[in-house]
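As a basis for the values below, the full set of heavy atoms in this structure was taken, side chains included, without hydrogen atoms, waters or symmetry mates. Note that ligands are numbered from 1 as they come in the structure, with each ligand's atoms numbered from 1 the same way. What you see is a predicted model, and the numbers here were worked out from it, not measured in a lab. One-based numbering along the sequence shown.
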Amino acid sequence: MNKALVVYSGGQDSTTCLYWAKKNFESVEAIAFNYGQRHLTELTAAKEIAAKAEVSLTIFNLDLMSGVSHNSLTDPAMTVELSEDDRPPNTLVEGRNMLFLTYAAIFAKTKEIKNIITGVGQADFSGYPDCRNEFILSLNQTLNLSMDYEYTIHTPLMWLDKTAVWKMADDLGVFDLVKDQTITCYHGIIGAGCGECPSCKLRNRGLVNYLKSKNDG
Ligand code: ZN
């Protein structure tokens with residue numbers, strides 16, 4: 001059986017990936033992490049959408065993340081800020097994707113799942129180094145070696161900008177679900193979000209561009 005595990009967060013990208021996985025694999029499960037992110041509404045959204053998609057979701061605690069790293073996603077005392085130069089914004093949780101994918105791989109092997117799906121991409125990657133294709137290819141090889149298992153990490157959004165991610169959700173028939181029920185906002189506001197944070201701006205700019213191209217086309 002063609003099985004896949006989606007690294008899930010309840011956000012736009014991973015929700016699009018969840019439905020992409022459902023289309024491309026016979027059996028799909030999801031994994032999510034509670035890592036002290038400010039807004040547990042993310043995990044609530046994740047649970048609701050996974051239930052609607054009829055995908056089994058397992059949530060693990062990674063409490064130590066907020067202790068080992070200092071960033072505005074897990075520290076309520078910090079404000080979300082973009083950096084002035086080319087550095088990533090202070091929402092960066094160092095190594096997050098590496099850890100998530102590593103735990104996902106360990107979990108996947110116990111279930112004889114070889115396909116792991118993540119919504120990372122480098123088109124709109126905001127300078128997060130572990131969203132880059134080079135990193136994913138490297139980690140894939142490392143995971144295979146570390147567990148003597150033939151994993152394939154799938155990154156369906158790797159080369160897509162946000163406009164194209166909206167198109168993919170629309171093509172998969174989940175445009176409204178992604179628009180209204182996912183959480184991407186750094187302030188934890190569902191759907192359209194606060195409209196002001198970097199994540200909302202990126203998401204909404206992509207949405208406006210997508211709707212415009214759809215109407216023009
Ligand atoms: Zn926002």
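Centred on the Zn ion (ligand 1), the SG atom of C200 and the SG atom of C185 lie at an angle of 100°, reported to 10°. The Zn ion (ligand 1) forms the vertex of an angle spanning SG of C197 and SG of C194; to the nearest 10 degrees it equals 110°.
Note on E29 versus K111: salt bridge recorded, some NZ/NE/NH1/NH2 to OD/OE distance being below 4.0 Å.
At a cut-off of 2.8 Å, H187 does not coordinate the Zn ion (ligand 1) through any N, O or S atom.
Side-chain contact, T182 with R203: a donor N or O sits under 3.5 Å from an acceptor N or O. No side-chain N or O of Q12 forms a donor-acceptor pair with one of K179 less than 3.5 Å apart. No side-chain N or O of T155 forms a donor-acceptor pair with one of T118 less than 3.5 Å apart.
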